[in-house]
Amino acid sequence: MTISTFKIANKLITGTGALEALPNEIQRLEVKNPLIVTDEILQTAGVVDQVTPFLKGLTCGIFTGVKPEPDFSVVHDCTNMFQEGAHDGLIAIGGGSAIDIAKSVSAFAGFEGKLTDLVGTDLVPKKGVPIIALPTTAGTGSEVTNISILSDKEAQLKKGIVSDYLLPDVAIVAPEMTLTMPPSVTAASGVDALVHAIEAYISVHASPITDALAIYAIKMIAENLPKAYANPSHLEARENMATASLMAGMAFGNAGVGAVHALAYPLGGRYHIPHGVSNALLLPYVMEWNKISCMERFRDIGSALGEKVSHLSDADAADQTVHAMKQLCRLVNIPSGLRAFSIPESDIPEMAEDASKIERLLNNNPRKLTQKEIEQIYQAAY
Ligand SMILES: NC(=O)c1ccc[n+]([C@@H]2O[C@H](COP(=O)([O-])OP(=O)(O)OC[C@H]3O[C@@H](n4cnc5c(N)ncnc54)[C@H](O)[C@@H]3O)[C@@H](O)[C@H]2O)c1
Ligand SMILES: [Fe+2]
């Protein structure tokens, strides 16, 4: 058995009503003047109001400048407010975008160098102020991972700050905070969670611990994403999706994600397609490529997706599994085809060049890919 490390947020508190734990957690972490990191949509939708009753009697500031798929400038703006207000902790209320900004601000606020010096793996020199993550989407799992993903506008790429110092001090996963998510965000973030679980399950760095989390997450997402999409106020489906995305986050936070994410990054960086949608566009085509490297794992995934695959040959079971992934994305109305997003076909070689450089992710993938093969996958997905 190979040695593997398993790391997640320092503490997880889950379940409807879990927000009640917030005052104790703030006190335990000795935070006296936190900065809330969120966006205007979440404020207008009343999601921030779900949290404020638990902050009574506390001085705190609020930064509402988070944007979807945020770039470096948002970290600078939030860090300025953090420093001007002499804050001593961060409470992220939002999806992956808000949580990732809080993580980056925690790392950058006490750092002497430039923000770009932190981009890469293990370049954050020390632990920053406490991070409390309150996810409002069921997708990224950012509340338990050690990465903050930022868009580099100039390079037209998404880049990651990866450091264990970014692991939140506490994640409070209260599914009632996801009830206001519009169906398009439910679908995109839910498919992101599905891709995290699938890529973690077939990663070369998978372990029995990440396998258990990933396969159960796939099953829960297949059963609950269509329900949460069809009926936004379906609390049980929201609870199951919140748990599944957390489990998928724990799985990929340790086993890693692979080529779907690597090929999706240029779509986010260049054309600002939401992260989950970029993943969904590439999922069936990358899996078509991957399937011969680990057919028995594809059979397990098929089973978890609810397919009857036990009587099929390895090849047929893998085909049915890829088909089921496509079907699930279709059920929640994620458009297929890069063409639908007005991506010029002539950009494919440059996109393939960008994706081929994302070795951090491609190294987790069960089947190797050359730049030419990446180009062929984009072409198939066009
Ligand atoms: N750090 C990680 O481990 C990790 C993993 C995967 C993805 N990501 C990153 O996370 C970002 C995507 O995050 P996301 O998919 O959670 O979406 P998001 O945070 O970008 O939110 C999408 C939109 O939905 C709105 N929204 C979110 N929750 C809502 C709610 N409950 N009610 C109403 N509106 C709501 C937001 O205001 C926003 O406009 C991307 O930048 C992606 O690269 C990070
Ligand atoms: Fe993702």
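Both backbone and side-chain heavy atoms feed into the values below; hydrogens, waters and symmetry mates do not. Counting convention: from 1, in listed order, for ligands and their atoms alike. Sequential numbering from 1 along the given sequence is applied to the chain's residues.
When only non-hydrogen protein atoms are considered, atom 36 (C) of ligand 1 lies nearest to D39 OD2, 3.4 Å. Of all protein heavy atoms, the one closest to atom 21 (O) of ligand 1 is T137 CG2, 4.4 Å. Here the heavy atom of the protein found nearest to atom 18 (P) of ligand 1 is S97 OG, 3.4 Å. With respect to atom 35 (C) of ligand 1, the closest heavy atom belonging to the protein is L42 CD2, 3.8 Å. From the protein, the heavy atom lying nearest to atom 30 (C) of ligand 1 is T180 OG1, 3.5 Å. Looking only at heavy atoms of the protein, atom 5 (C) of ligand 1 is closest to T140 O, 3.4 Å. If you check which protein heavy atom lies closest to atom 43 (O) of ligand 1, you get K158 NZ, 2.8 Å. For atom 22 (C) of ligand 1, the closest non-hydrogen atom on the protein side is V185 CG1, 4.2 Å.
Within a 4.0 Å radius of atom 40 (C) of ligand 1, the protein has at least one heavy atom.
Contacts between I147 and ligand 1, counted as non-hydrogen atom pairs separated by less than 4.0 Å, involve both the backbone and the side chain. Of all the heavy atoms of D100, the ones lying under 4.0 Å from any atom of ligand 1 belong exclusively to the side chain. For F252, every heavy-atom contact with ligand 1 shorter than 4.0 Å involves the side chain, none the backbone. In T145, the part holding a heavy atom less than 4.0 Å from any atom of ligand 1 is the side chain. The side chain of H275, and not its backbone, has at least one atom closer than 4.0 Å to an atom of ligand 1 (non-hydrogen atoms only; side chain from C-beta on). Neither the backbone nor the side chain of V66 has any atom closer than 4.0 Å to an atom of ligand 1 (non-hydrogen atoms only).
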Walk me through it: do R28 and E25 pass the test salt bridge (charged side-chain N to carboxylate O under 4.0 Å, His left out)?
CA-CA 5 Å; R28 177 179 71 83; E25 291 307 309; 2.7 Å; yes
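Near the Fe ion (ligand 2), less than 2.8 Å away, sit the protein N, O or S atoms D192 OD1, H196 NE2, H261 NE2, H275 NE2.
At under 3.5 Å, a nitrogen or oxygen of M177, whether backbone or side chain, sits near a nitrogen or oxygen of ligand 1. Checked against a 3.5 angstrom limit, the closest N/O atoms of H196 and ligand 1 fall outside it. Ligand 1 has no N or O atom lying under 3.5 Å from any N or O atom of S148, backbone or side chain. An N or O contact shorter than 3.5 Å links T136 to ligand 1 by distance. The shortest N/O to N/O separation between G94 and ligand 1 does not fall below 3.5 Å.
Taking all atoms of both residues into account, the shortest heavy-atom contact from P266 to M351 is CG-O, 3.8 Å.
Between the side chains of E239 and T16, at least one donor-acceptor pair of N or O atoms lies under 3.5 Å. Inspection of the S148 and S104 side chains reveals an N or O donor paired with an N or O acceptor under 3.5 Å. Looking at N33 and D88, their side chains never bring a donor and an acceptor atom within 3.5 Å of each other. Looking at E353 and S356, their side chains never bring a donor and an acceptor atom within 3.5 Å of each other. Between the side chains of N279 and D192, at least one donor N or O lies within less than 3.5 Å of an accepting N or O. Looking only at atom types and distance, the side chain of Y378 has no donor-acceptor partner in the side chain of D347 under 3.5 Å away. No donor-acceptor contact under 3.5 angstrom links the side chains of T321 and K291, judged on distance only.
Salt bridge annotation for E375-K372: present, with a cationic side-chain nitrogen under 4.0 angstrom from a carboxylate oxygen. Salt-bridge annotation for D211 and R297: present, with a side-chain N of the basic residue lying under 4.0 Å from a carboxylate O of the acidic one.
Checked against ring pair (Phe, Tyr, Trp, His ring centres under 6.0 Å), F108 has the following partners two or more places apart in sequence or in another chain: H76.
Once rounded to the nearest 0.5 Å, the distance linking CD1 of I131 with CG of L166 reads 6.0 Å. How far CG of L213 is from CD1 of I218: 11.0 Å, rounded to the nearest 0.5 Å. Here OH of Y382 is found 5.0 Å from CD of E345. Values are rounded to the nearest 0.5 Å.
Within the structure, ligand 1 lacks K67 among the residues with a heavy atom less than 4.0 angstrom away. Ligand 1 lies nowhere less than 4.0 angstrom from a heavy atom belonging to E40.
Put simply, the residue from L118, I147, I149, D122 that forms a side-chain contact (heavy atoms from CB on, under 4.5 Å) with V162 is I147.
Here the side chains of Q50 and I93 are not in contact, with every heavy-atom distance at 4.5 Å or above.
Below 4.0 Å from some heavy atom of I149 lie the following atoms of ligand 1, by number and element: 4 (C), 8 (N), 43 (O), 44 (C). If you number the atoms of ligand 1 from 1 as listed, the ones under 4.0 Å from a heavy atom of D192 come out as 6 (C), 7 (C).
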